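Here the structure is a predicted model, which is why all the values come from computation and not from measurement. Note that ligands are numbered from 1 as they come in the structure, with each ligand's atoms numbered from 1 the same way. Excluded from the calculations below are hydrogen atoms, water molecules and symmetry mates; all remaining heavy atoms, backbone and side chain alike, are included.
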Amino acid sequence: VDYIFIGEADSTMPELVASLESGNKCPDLPGVLANHQGAFTGDSRLNLIKNLDQLPLLELDSFYDLSNYYPPIHVRGRKIINVASTRGCPYQCSFCAAAEVNGRNIRKMGVIRFVDQIQLYVEKGYDSITIYDDTFTIDKNRAVEISKEIINRKLNIAWNCFSRVDCVDYDTLSAMYEAGCYLIMFGCESLNDTTLKKLRKGFNANQCLQGIEIAKRAGLIVSSSFMIGLPGENKNDILNTIRQANNSDLDLAMYPIFEPYPGTPIYQDCQQEGHWVRNKYKNDLMVEQDTTWVPNDVTREDLTELSRYAHRSFYLRPRFIRSFWNIFKELPWERKYRFINAGLDYFLLSKLTRHRAFNKGARFH
Ligand code: SF4
């Protein structure tokens, strides 16, 4: 690694390139660190773009061959791309590193500028967009304005977005649905109030279930992630979340195993409350795709088995199987095939081939 950008590199990247071309390898740029024989020096302040409207419209497909990248299997459409209308998140969830990257102050793109971006991609033949804002409905009026602008311009686009259960209401989500939004993704993370407090999510389990119900009533496919192995949770707490999610209005649920990120408040708690599976993971997160840290009272094998159990119990429910067609029928054939393949692999084949290191007593039926 020769350079590190702290925060957003939209303006500093071209400045660095210009500087390198003129022979200066160590320009003094905000948020840019240069490698001097293994030590990184420079201005380490978080560099953020103040006015997102000043950025040119993005054409990501001029840099990357997007056909090399697969969207999640439940994302609709044949030609798919990601956009963002805000940067930064004012919430303080204790496990989340978003503020370390994009800051706490939310910066919003103008409605017209953002819809111009969507229109550009529609004109290029894209029929599906994921809006990668941390919380697209953080400003509900703005979400409605964007939806109205998409409708006014008759943009035929299917889209999905991320939000929080305490940032939605029926009217806003209905307006989004009318404008082509078909899927909303929440990060409830747990359905235990004590854990939610510890995570500083700012909402409780009841609000989670209400937000999910509102989104469902507005016509959206509703998805949420729940982290397995959070600090302070034992098997019963995890099973309680799984049970409540199974009984909720959710259409899709993800159960990743929790990883503490350095720099987040919860990382400190994790030094005391549990143990690292291997020391190297402390600095190698998201690389191994494996359990990195285990809370007290459960084992690494328990976490793996609980995550598998959670997915099995959610996706093999008669209720999911009945509603599955609504999600499945909208997918192009190649993604239908991947959906089936991934399901078979996860639920059947991997059972035969996966490592047998699990605690044989760890069954949660
Ligand atoms: S989890 Fe979401 S809402 Fe919470 S701080 Fe991170 S980005 Fe913000």
Side-chain angles (χ1 to χ4, degrees), residues 6-8 46-49 52 72 82-109 114 130-143 146 159-169 172-173 176 181 183-212 214-215 220 222-233 241 245 250 252-270 285-286 292-293 295:
I6 316 269
E8 297 164 354
L46 188 66
N47 182 47
L48 302 174
I49 305 291
L52 299 184
N82 301 334
V83 295
S85 81
T86 61
R87 291 186 191 176
C89 178
Y91 293 98
Q92 312 211 353
C93 308
S94 62
F95 59 90
C96 178
E100 300 294 321
V101 181
N102 294 117
R104 287 231 179 278
N105 283 341
I106 186 161
R107 289 149 293 140
K108 301 173 192 168
M109 215 172 256
F114 179 58
T130 292
I131 300 180
Y132 255 90
D133 297 18
D134 291 323
T135 305
F136 178 66
T137 54
I138 196 163
D139 178 342
K140 296 193 197 80
N141 291 335
R142 181 172 171 277
I146 289 172
W159 52 282
N160 62 67
C161 64
F162 296 87
S163 188
R164 286 171 52 99
V165 287
D166 58 348
C167 287
V168 293
D169 62 33
T172 305
L173 296 186
M176 288 162 51
C181 179
L183 165 70
I184 192 161
M185 294 168 277
F186 295 126
C188 294
E189 313 310 353
S190 170
L191 290 171
N192 296 306
D193 284 344
T194 314
T195 310
L196 287 169
K197 229 180 219 161
K198 191 168 204 157
L199 297 180
R200 301 187 201 159
K201 285 297 293 184
F203 50 70
N204 59 31
N206 201 30
Q207 284 172 287
C208 288
L209 299 175
Q210 278 172 4
I212 291 165
I214 290 169
L220 302 176
V222 192
S223 163
S224 177
S225 76
F226 299 97
M227 292 190 282
I228 299 287
L230 287 161
E233 291 211 330
T241 291
L250 279 174
L252 300 165
M254 271 75 65
Y255 293 92
I257 293 175
F258 166 71
E259 292 181 355
Y261 295 146
T264 58
I266 214 163
Y267 188 84
Q268 292 311 322
D269 298 346
C270 290
L285 298 176
M286 299 182 83
T292 58
W293 175 88

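- For atom 2 (Fe) of ligand 1, the nearest protein heavy atom lies 4.0 Å or farther away.
- With sequence neighbours excluded, the residues satisfying ring-ring contact (aromatic ring centres under 6.0 Å, His included) with Phe226 are Tyr255.
- Nearest heavy atom pair, residue Leu52 against residue Arg107, reads CD1-O, 3.4 Å.
- Listed by chain and number, the residues in a ring-ring contact (aromatic ring centres under 6.0 Å, His included) with Phe95 amount to none (sequence neighbours excluded).
- Contact of the Phe258 side chain with the Pro231 side chain is registered, since non-hydrogen atoms from C-beta on lie closer than 4.5 Å.
- The number of protein N/O/S atoms found under 2.8 Å from atom 4 (Fe) of ligand 1 is 1.
- Residues passing the side-chain hydrogen bond (donor to acceptor under 3.5 Å, both in side chains) test with Thr195 are Glu233, sequence neighbours excluded.
- Two residues are said to be in side-chain contact when any heavy atoms from C-beta on lie closer than 4.5 Å; Tyr261 and Tyr267 fail this criterion.
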